[in-house]
K.L.:
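Take this structure, written in structure tokens, and hold onto it; I'll ask about it next.
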Number of protein chains: 2
Amino acid sequence: MQLTRQSEYAIRTMLELAALPYGELLSSKVISQRQDIPEDFLKKTVHLLSLGGLVSTQRGTQGGVRLAKAAEQITLAHIVAAIEGPIAINPCLAPGYFCPNQVTCPVSPILARAQAALLAELNKQTLADLVKQA
Amino acid sequence: MQLTRQSEYAIRTMLELAALPYGELLSSKVISQRQDIPEDFLKKTVHLLSLGGLVSTQRGTQGGVRLAKAAEQITLAHIVAAIEGPIAINPCLAPGYFCPNQVTCPVSPILARAQAALLAELNKQTLADLVKQA
DNA sequence: GTTAAAGTTGATATTTTTTATCCACATTAA
DNA sequence: TTAATGTGGATAAAAAATATCAACTTTAAC
């Protein structure tokens, strides 16, 4: 029932990027050093963020990573989803799951609401808000 | 970011027990058969529920497991906590954790609120409510 | 008392997931 | 041309979750 460490890496990375002037690049290497994250692992993490449309990358000398959209439009929920996929606190809430148990399972609606409440909180503040606070 | 399968086993077990007349025993063996849960694993799961004060057990012939308190006083949050320990969606929210990162981490308050929202939903309905619905 | 049913406990194995590492490759600015 | 950088795949290592096994204790039933 926990965020993975990789999600945490991703959050810290996004905070680094959001603290920069918009559009500015920062290399994975530098981020890994500043945030004490294994470089190769971070590279993959950044790649996931990229696939999720949260950052864009630039190869080559002086390349790096930057936000792909304004920090005002990014929330923790987006970041976690980019890393871990759609948040599902139980397999039975995942898209396309067929429950092998009783037809009328009283639990999944509750889990669904709990999950929704969790997501709502993770969406309440933007990355921009977070950077302001830090 | 998921409940463990063991938590799910525990929930299904508690639903079985709550469907019985209050105080009635059901053996782990029968529960494991009805719910298709490995028996030895379920025994340990039941033991955790017992340590958590949610069920009481009775050894010997005709022994078994029963609710230790009224189903009206038990929620999903209690069950999950009995199995997984205090719910903490990130290590930094666990009791006694010291964060090695920046002093003013803007993330943990959000995670804390998200976690609280999750817990609130898991506490909204009692086991008794669930049994009624099923 | 004896016995069989049931929970207790600890060791260990298996499987899955997560985290980390390594390296060959593609791209690109300098 | 070259060095810095992201890409991608393979693999390893570590951790966590799940499952199995087996000896033990308790206790109701006979």
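No hydrogens, no waters, no symmetry mates; every other heavy atom, side chains included, goes into these values.
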K.L.:
Give the stems involving DNA chain D, where a stem is 3 or more consecutive Watson-Crick or G-U wobble pairs (i with j, i+1 with j-1, and so on) under 3.5 Å.
P.N.:
C:1-30 with D:1-30
K.L.:
Do you know the tightest heavy-atom contact between A:Ala10 and A:Ile79?
P.N.:
CB-CG2, 3.7 Å
K.L.:
Of the options C:dT19, D:dA19, C:dT28, whose atoms approach the side-chain atoms of B:Phe41 most closely?
P.N.:
D:dA19
K.L.:
So B:Leu49 and B:Val65, do their side chains get closer than 4.5 Å, heavy atoms only?
P.N.:
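Of all side-chain heavy-atom pairs linking B:Leu49 with B:Val65, none is under 4.5 Å.
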K.L.:
Given atom CD of B:Glu39 and atom P of D:dT20, what is their separation to the nearest angstrom?
P.N.:
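It works out to 11 Å between those atoms.
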K.L.:
Without decimals, in angstroms, what is the distance between A:Leu42 CG and D:dG8 P?
P.N.:
16 Å
K.L.:
Output all residues satisfying side-chain hydrogen bond (donor to acceptor under 3.5 Å, both in side chains) with A:Thr126, sequence neighbours left out; order by chain, then residue number.
P.N.:
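Here the qualifying residues are A:Asp129.
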K.L.:
So, A:Glu121 and A:Lys124, do they make that salt bridge, N to O below 4.0 Å?
P.N.:
yes
K.L.:
Answer yes or no: is there a side-chain heavy-atom contact under 4.5 Å between B:Val107 and A:Arg12?
P.N.:
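Not in contact.
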K.L.:
Starting at the 5' end of DNA chain C and moving along, which residue's nearest nucleotide shows up first, A:Gly60 or A:Pro38?
P.N.:
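By nearest-heavy-atom nucleotide position, the 5'-most residue is A:Pro38.
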K.L.:
Please determine whether a side-chain nitrogen or oxygen atom of A:Thr61 lies at a distance below 4.0 Å from atom OP1 or OP2 of D:dT5.
P.N.:
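The answer is no; no side-chain N or O of A:Thr61 sits under 4.0 Å from OP1 or OP2.
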K.L.:
How would you label the contact of B:Gly63 with the nucleic acid (heavy atoms, under 4.0 Å): base, sugar-phosphate, or nothing?
P.N.:
sugar-phosphate
K.L.:
Keeping the roles fixed (side chain from A:Glu39, backbone from A:Ser32), state whether a donor-acceptor pair exists under 3.5 Å.
P.N.:
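No, the answer is negative, given that no donor and acceptor are paired below the 3.5 Å cut-off.
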K.L.:
Would the number of heavy atoms belonging to other residues, nucleotides or ligands and lying under 6.0 Å from NZ of A:Lys29 be above 12?
P.N.:
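Atom NZ in A:Lys29 is not crowded, with 12 or fewer foreign heavy atoms closer than 6.0 Å.
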K.L.:
Check the distance between C:dT19's P and A:Glu84's CD and give it to me in whole angstrom.
P.N.:
8 Å
K.L.:
Quick one: which protein N/O atoms are closer than 3.5 Å to N/O atoms of nucleotides 8-10 of chain C? Pair and distance per line, please.
P.N.:
{"from": "C:dT8", "atom 1": "OP1", "to": "B:Thr57", "atom 2": "OG1", "distance (Å)": "3.2"}
{"from": "C:dT8", "atom 1": "OP2", "to": "B:His47", "atom 2": "ND1", "distance (Å)": "3.3"}
{"from": "C:dT8", "atom 1": "O4'", "to": "B:Arg59", "atom 2": "NH2", "distance (Å)": "3.1"}
{"from": "C:dT9", "atom 1": "OP2", "to": "B:His47", "atom 2": "NE2", "distance (Å)": "2.7"}
{"from": "C:dG10", "atom 1": "N7", "to": "B:Lys44", "atom 2": "NZ", "distance (Å)": "3.2"}
{"from": "C:dG10", "atom 1": "O6", "to": "B:Lys44", "atom 2": "NZ", "distance (Å)": "2.8"}

K.L.:
Whole angstroms only, please: what is the CG-P distance between B:Leu25 and C:dG7?
P.N.:
9 Å
K.L.:
I want to check something: taking the side chain as every heavy atom from C-beta on, are B:Val46 and B:Thr57 in contact at a cut-off of under 4.5 Å?
P.N.:
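Yes, at least one pair of side-chain atoms sits under 4.5 Å.
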K.L.:
Indicate whether OP1 or OP2 belonging to C:dT19 is found under 4.0 Å from a side-chain N or O atom of A:Thr4.
P.N.:
yes
K.L.:
Report the nucleotide, chosen from C:dA30, D:dT27, C:dG7, that has the shortest atom-to-atom distance to any side-chain atom of B:Gln58.
P.N.:
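The nucleotide sitting nearest to the side chain is D:dT27.
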K.L.:
Pick out the pairs of N or O atoms, protein on one side and nucleotides 13-17 of chain C on the other, that lie under 3.5 Å.
P.N.:
none

K.L.:
Is B:Leu25 reachable from B:Leu127 through a run of I, L, V, M, F, W or Y residues, each pair having side-chain heavy atoms under 4.5 Å apart?
P.N.:
no
K.L.:
Taking atom P of D:dA16 as reference, at what distance in whole Å does atom CZ of B:Arg5 sit?
P.N.:
18 Å
K.L.:
Without decimals, in angstroms, what is the distance between B:Gln62 CD and C:dA5 P?
P.N.:
10 Å
K.L.:
Kindly write out the residues that satisfy side-chain hydrogen bond (donor to acceptor under 3.5 Å, both in side chains) with B:Glu16, not counting sequence neighbours, or none if the list is empty.
P.N.:
B:Arg34, B:Gln35
K.L.:
How many Å lie between CD1 on A:Ile31 and P on D:dA4, as a whole number?
P.N.:
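Rounded to the whole Å, the gap is 18 Å.
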K.L.:
How would you list all residue pairs meeting ring-ring contact (aromatic ring centres under 6.0 Å, His included) that involve residues 20-77 of chain A, not counting sequence neighbours?
P.N.:
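Qualifying pairs, neighbours excluded: A:Tyr9-A:Phe41.
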K.L.:
Without decimals, in angstroms, what is the distance between B:Tyr9 OH and D:dA17 P?
P.N.:
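Atom-to-atom, B:Tyr9 to D:dA17, this comes out as 14 Å.
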K.L.:
Closer than 3.5 angstrom, by distance alone: can the side chain of A:Glu84 be matched with the main-chain N or O of A:Thr4 as a donor-acceptor pair?
P.N.:
yes
